[in-house]
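Heads up: the structure comes next, in structure tokens.
What you see is a predicted model; the values in this text were computed from it and never measured. We count ligands from 1, going down the list as the structure has it; atoms in each ligand are counted the same way. Atoms considered below: every heavy atom in the structure, side chains included; atoms not considered: hydrogens, waters and symmetry mates.
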Amino acid sequence: MSTEILEQPKARINLGALKKKQINIAVFGRGNVGSVLIDQLFERKNEIAKRRDLELNIFCIANSKTALLGQHISANWKEEFTTKTQCYSITEVIHFAKTNQLKNLIAIDNTASSEFVNHYPEFINSGFNLVSSNKIANTSSLKFYQELRGLLAKNEKEYLYETNVGAGLPLIDTIKLLHLSGENITRIKGVFSGSLSYIFNSFSEEEGTFSSVLKKAIYVGYTEPDPREDLCGNDVARKLLILARELDLHNEFEDISIQNLIPKELRKVSKETFLKNLEALDVPFQIKKKNLNKGQVLRYVGDLHGDLSKEDGAILDVSLVSVSKNSALGNLQGSDSLFEIYTENYGNHPIIIQGAGAGSKVTARGVLGDILRLSDKIK
Ligand SMILES: NC(=O)C1=CN([C@@H]2O[C@H](COP(=O)(O)OP(=O)(O)OC[C@H]3O[C@@H](n4cnc5c(N)ncnc54)[C@H](OP(=O)(O)O)[C@@H]3O)[C@@H](O)[C@H]2O)C=CC1
Ligand SMILES: N[C@@H](CC=O)C(=O)O
């Protein structure tokens, strides 16, 4: 009997026909962080398509009043934003995604708005995942925080916010993993604010006035849209609370003891009036600097301590302290943040995460990192 070997037809794979996973992105907030993020997305788009088989497609760019909507917004978005925008509502953006059958949806929140955060449930219920540099959702009431997680789980959607603490530094993911793997975190302490780090690092070392350093921090984009949020301690307090909640602690914002650095008479005025009167901060801070002992510098420090094994055992403090210039905190440079993470197994030798704690480029890069992480998770 002869055996005939039949030649198998060669399987033909048309690589071009294999569709890349298209991720459809709506960017809300096109200020310091938002604009840089959009530019970084366009710069990296082709490389990401090659390496990860992903097509990152932006279909909406919006600020507080107007939106640019289009199936595929181009790298020329800034010009289009001046000529083709329209007033919008969130419902219209969601409707646009539906009618154009856009799948794998991500809404990016690069605002500092509490009003915008109220739309998160609407996005999730409409099939969107979320990425946010805005810290408000994670620092609203614990009830809102928990309901949001419940809604995400019910809809099988993701919410990533690595830039909420430490800008582009890999902090939240590290803390989540340590906690999940059972490494008991006993304390987190450090300089949580990039802008206040920059301000006190410069002010302690240089001759300039406090207001001149503050103006520079505002100008380069280290501060919040309203710099009083940094100076009154709220921004650092938010970061502490976000980390506390990652550790399953049940704290509310009101539990945090915060040292406000703004003179009383400037706390309740409009942002514009505040910005016109920055020199009012010069004398109080000059006095603080003069009163320092030799070799000491000022640092604005956040401290999450107490009994972190109990839901309600944590103590959260935010205050201006003097530290030795030769200590880890005293040695900080530029806009660096520094986080000391103490755990049971590492004892008195904390894990230290340090690096740029503010700035539009590093923050946008962190948001882009979250988009890529999320894109991998979307099946
Ligand atoms: N700067 C940094 O280093 C870091 C910043 N972040 C966070 O990034 C976020 C953005 O900061 P930044 O870019 O400096 O802020 P900007 O003030 O530069 O930009 C904010 C943007 O949000 C828009 N916006 C405000 N409210 C709404 C709304 N309701 N709906 C849609 N868009 C809205 C604004 O539009 P309009 O112009 O119309 O008001 C503007 O385009 C903040 O939450 C900040 O905490 C996080 C880590 C580091
Ligand atoms: N204003 C913030 C920016 C990042 O969250 C800071 O100064 O750290």
Contact atoms of ligand 1, heavy-atom distance to [X] under 4.0 Å:
X    : answer
G221 : 1 (N), 2 (C), 3 (O)
T363 : 2 (C), 3 (O), 4 (C), 46 (C), 47 (C), 48 (C)
E115 : 29 (N)
A112 : 42 (C), 43 (O)

Should [X] and [Y] count as an ion pair when the cut-off is N to O under 4.0 Å?
X    : Y    : result
D370 : R373 : yes
R238 : E229 : yes
R245 : E252 : yes
E279 : K215 : yes
R228 : D226 : yes
D303 : R187 : yes
K377 : E158 : yes
K325 : E205 : yes
K276 : E272 : no
K135 : E224 : yes

Checking contacts here: is it the side chain or the backbone of D235 that comes within 4.0 Å of ligand 2, counting heavy atoms only? Could be both or neither. side chain

If you measure every N/O of [X] against every N/O of ligand 1, is any gap under 3.5 Å?
X    : value
F116 : no
V33  : yes
K65  : no
S360 : no
G359 : yes

Give the atom numbers and elements of ligand 2 that come within less than 4.0 Å of a heavy atom of D230. 1 (N), 2 (C), 6 (C), 7 (O)

Under 4.0 Å from a heavy atom of T223: which atoms of ligand 2 are those, numbered in the order shown and with their elements? 1 (N)

For the student: nearest non-hydrogen atoms of [X] and [Y], plus distance:
X    : Y    : value
T163 : V367 : CG2-N, 3.6 Å
I73  : E80  : CG2-OE1, 4.4 Å
A167 : V362 : CB-CG2, 4.3 Å

Identify the protein heavy atom lying closest to [atom], giving its residue, its atom name and the separation to 0.1 Å.
atom                    : answer
atom 37 (O) of ligand 1 : N63 CB, 4.3 Å
atom 4 (C) of ligand 2  : K239 NZ, 3.6 Å
atom 22 (O) of ligand 1 : G29 CA, 3.4 Å
atom 18 (O) of ligand 1 : N32 N, 2.9 Å
atom 7 (O) of ligand 2  : S195 OG, 2.6 Å
atom 26 (N) of ligand 1 : S113 CB, 3.6 Å
atom 19 (O) of ligand 1 : G31 CA, 3.3 Å
atom 44 (C) of ligand 1 : E224 OE1, 3.3 Å
atom 7 (C) of ligand 1  : S133 O, 3.4 Å
atom 10 (C) of ligand 1 : N110 O, 3.3 Å

Validation row, ring centre Y120 to ring centre Y159 under 6.0 Å: yes

Verify the ring-centre separation between F28 and F123: is it less than 6.0 angstrom? yes

Return yes when G357 approaches ligand 2 closer than 4.0 angstrom through a heavy atom, no otherwise. yes

Would you please determine whether E229 falls within less than 4.0 Å of ligand 2 on a heavy-atom basis? no

Pick from [options]: the one approaching [atom] most closely through a non-hydrogen atom:
atom                    : options          : value
atom 41 (O) of ligand 1 : R30, K361, K239  : R30
atom 2 (C) of ligand 2  : E224, R238, K135 : E224
atom 17 (O) of ligand 1 : S64, P225, A356  : P225
atom 9 (C) of ligand 1  : T111, I61, N134  : T111

With only distance considered, is S193 within less than 3.5 Å of ligand 2 through an N or O on each side? yes

Can an N or O of L196 be found at a distance shorter than 3.5 Å from an N or O of ligand 2? no

Under a 4.0 Å heavy-atom limit, does A358 contact ligand 1 with its side chain, its backbone, both, or neither? both

Please work out, at 4.0 Å between heavy atoms, whether the side chain, the backbone, both, or neither of T163 comes within that distance of ligand 1. backbone

Could you tell me whether K189 sits above the aromatic face of Y342, with NZ or CZ closer than 6.0 angstrom to the six-membered ring centre and within 45 degrees of the axis? no

K176 NZ: over 12 foreign heavy atoms closer than 6.0 Å: yes

For G194, state whether at least one heavy atom is located under 4.0 Å from any atom of ligand 1. no

So, 4.0 Å and heavy atoms of Y88: is ligand 1 close enough to count as a contact? yes

Verify the distance criterion only: is there a donor paired with an acceptor across the side chains of D336 and S197 at less than 3.5 Å? no

Would D317 and S319 count as a side-chain hydrogen bond (donor to acceptor under 3.5 Å, both in side chains) here? Give the steps. CA-CA 6 Å; D317 299 318; S319 60; over 6 Å; no

